Amino acid sequence: MSIAIENLSKDYGAAPVLSGITTTIVTGEFVAVLGASGCGKSTLLNVIAGLEPPSAGSVGVPAGGAAFMFQDAALLPWLTARANIELALELRGIPRNARRARAGELLELVHLADAGDKRPHELSGGMRQRASLARALGQDRPVLLMDEPFAALDAITRDLLHEELERIWRAHRRTVLFVTHNVREAVRLGQRVLLLSSRPGRIAAEWKIPGHVRTDPAAQAALTGDITQRLREEIRHHAN
Amino acid sequence: MPTSITSATAIARERATARAANPAPDPDPAALPAGPGSQATTDSLGELEAGLDNLQDAPAASRPAAGRILLPLGTLAALLSLWQLAAWFGSPRTDLFPGPLEVLGTAGALAADGRLAEAVATSLQRGVLGFALALAIGTPLGLLLSASTTLRRGLGPLVSGLQVLPSVAWVPAAIIWFGLTDATVFFVVLMGATPSIANGFLSGVDMVPPQYRRLGTVLGASRTQQLLRIVLPAALPGYLAGLKQGWAFSWRSLMAAEIIAVGGSIGFGLGSLLQQGRDLSQMAVVVAAILAILAVGIAVELLVFTPLERRLLHRRGLAPGAGR
Ligand SMILES: Nc1ncnc2c1ncn2[C@@H]1O[C@H](COP(=O)(O)OP(=O)(O)OP(=O)(O)O)[C@@H](O)[C@H]1O
Ligand SMILES: [Mg+2]
């Protein structure tokens, strides 16, 4: 049930984007992937999701496949929030009469029960992102890939969704791969943080976040500082 | 395999646990590793979110629709007055430059002897039938071209080219092939509208954001599901724009065909009325016919396409001008 990434490389014809990435993400683990803009974080998720083939190496994903949460909510604008979630259930093969109840549960899970009949453009950014989360959970896959899902949100909403995500993750124990370029977010959510270097993207460093760090603001701040430092070094490499 | 998604009972259970855990002064940090906000119960989290949602929900603003109706009507009235004044004071030759009152009188006479109604009915019927025919051919053509790269490379430029070709150019050929029959008229309308519809469909499909297809793939859609549930609905606005243009081309082609091909078994349409006015040098008839052609075009636009388009775009939050 774990994700096994073995010596993965990816290029789009020219220079390599990802190079020699090897790591294993165990079942139920929450891994945050950090990196500068353009370092290949989205590419990594796309390859894991099967949206792009790897150029070399291999990716082993559990048989159930991966659910994906895109950077922009990617809700279909002609469907209501509920119908967006129902579409995910439909494409998963859930019979029609079971879909509605299930979608209702999912909406309730992300506190959107009253907004289910609104269309995406009638929802705020945070609500859209929660609907998108509900849809990803509705796919009911063992793995959840999240590509900077909260990057475009204001700080208050993002904070709320962090709690929401943590709550859901704790209740359902998905394997989560969470891409971000926000160090605090990575430390806040991840059990493990991977830092990708740029051009080519390799795993430059890796931190385990022990449980006690999360409840200790001072330790959290210290670790955030360390990781930020390392990230800046990584970016400075490309100054000349 | 991790547990499947919650039911309401699981949420309730979870809330109960959260409540039970809360009174405890300091839950075991290892068992409950979480940030500073972890003390909040699910309930208060939901409340907080509801508050935030309500703040961000803009109340729907409604605008009076009066300006949308009064403004064009007022403009029309002003133009008509100017025209009448010009006819009264500007031109010595009312036979060459009839005013709106005279045209109105002629239109009344045409309506009274039934010619106007006949012409409008004949033309409208042909236009609609021809358009339906073009729809039935153009849509599958667009679908075919969007599905096959080879076909598209081969036929795409031809279809785009045909869209540029003025459909009047087909009239002489059609008369030679079909004689002075309705087939001539339908053929010209078909050649005029089909490329627009096919191209509208194609550009609708082309403009589907790649994100939607990727979403379909991630959600596990088969090829057919991808087409029916994702691509076609996403392409609808572009397709509708193509239909609108297709109708405009149908109507224009029809008028061209009716003006040129008169007689035989071809019925009496608005184009024929226009041509008759010219043959008899009755300028008021000519102007009345032009205005009738214009009026039918505007009516179809306002009664069919505008509501369709507004509904479609409004549902997607894409109609910024809709309320203005
Ligand atoms: N389809 C593609 N064709 C060619 N090059 C691509 C393609 N997709 C991504 N790239 C290149 O790969 C590199 C990594 O892109 P990617 O989107 O994975 O970065 P990222 O880390 O997700 O950046 P951001 O934080 O801005 O989202 C970029 O240099 C980009 O130009
Ligand atoms: Mg990205």
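Hydrogens, waters and symmetry mates play no part in the numbers below; they use all other heavy atoms, side chains included. In this text, all values refer to a predicted model and were calculated from it rather than measured experimentally.
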Original post:
Around Leu151(B), counting heavy atoms of other residues, nucleotides and ligands shown, do more than 12 lie under 6.0 Å from its CG?
Top reply: yes
Original post:
Between Pro209(B), Gly220(B), Ala234(B), which shows the greatest number of heavy-atom pairs under 4.5 Å with chain A?
Top reply: Ala234(B)
**OP:** Would you mind listing every ring-ring contact (aromatic ring centres under 6.0 Å, His included) that reaches into residues 117-149 of chain A, with sequence neighbours excluded?
**Re:** none
Please table the atom pairs, donor to acceptor, closer than 3.5 Å between any side-chain atom in residues 297-308 of chain B and protein atoms at least two apart or in another chain.
from	atom 1	to	atom 2	distance (Å)
Glu301(B)	OE2	Lys244(B)	NZ	3.4
Thr306(B)	OG1	Glu301(B)	O	2.8

Original post:
About how many Å separate CG of Leu51(A) and CG of Leu215(B), when rounded to the nearest 0.5 Å?
Top reply: 9.5 Å
**OP:** Quick one: list whatever passes side chain to side chain contact (heavy atoms under 4.5 Å, CB included) with Glu90(A), sequence neighbours left out.
**Re:** Leu87(A), Arg99(A), Arg229(B)
Subject >> When Pro77(A), Ala88(A), Gly93(A) are compared by non-hydrogen pairs under 4.5 Å with chain B, the top option >> reply: Pro77(A)
Original post:
About how many Å separate CZ of Arg315(B) and CH2 of Trp78(A), when rounded to the nearest 0.5 Å?
Top reply: 11.0 Å
**OP:** For the pair Arg214(B) and Asn46(A), evaluate side-chain contact (heavy atoms from CB on, under 4.5 Å) and give the outcome as yes or no after the intermediate values.
**Re:** CA-CA 10 Å; Arg214(B) 294 152 62 84; Asn46(A) 289 339; 3.1 Å; yes
Original post:
What distance do Ile230(B) atom CD1 and Leu79(A) atom CG have between them, rounded to the nearest 0.5 Å?
Top reply: 8.0 Å
Subject >> When Arg135(A), Gln191(A), Arg130(A), Arg92(A) are compared by non-hydrogen pairs under 4.5 Å with chain B, the top option >> reply: Arg130(A)
**OP:** Give a yes or no on whether Arg184(A) atom CZ has more than 12 heavy-atom contacts from other residues, nucleotides or ligands under 6.0 Å away.
**Re:** no
**OP:** Could you point out which residue of Gln139(A), Arg141(A), Met69(A) forms a side chain to side chain contact (heavy atoms under 4.5 Å, CB included) with Val218(B)?
**Re:** Gln139(A)
Subject >> Within 6.0 Å of CG in Asp114(A), more than 12 heavy atoms from elsewhere >> reply: no
Subject >> Toward chain A: residues of residues 130-142 of chain B with heavy atoms under 4.5 Å >> reply: none
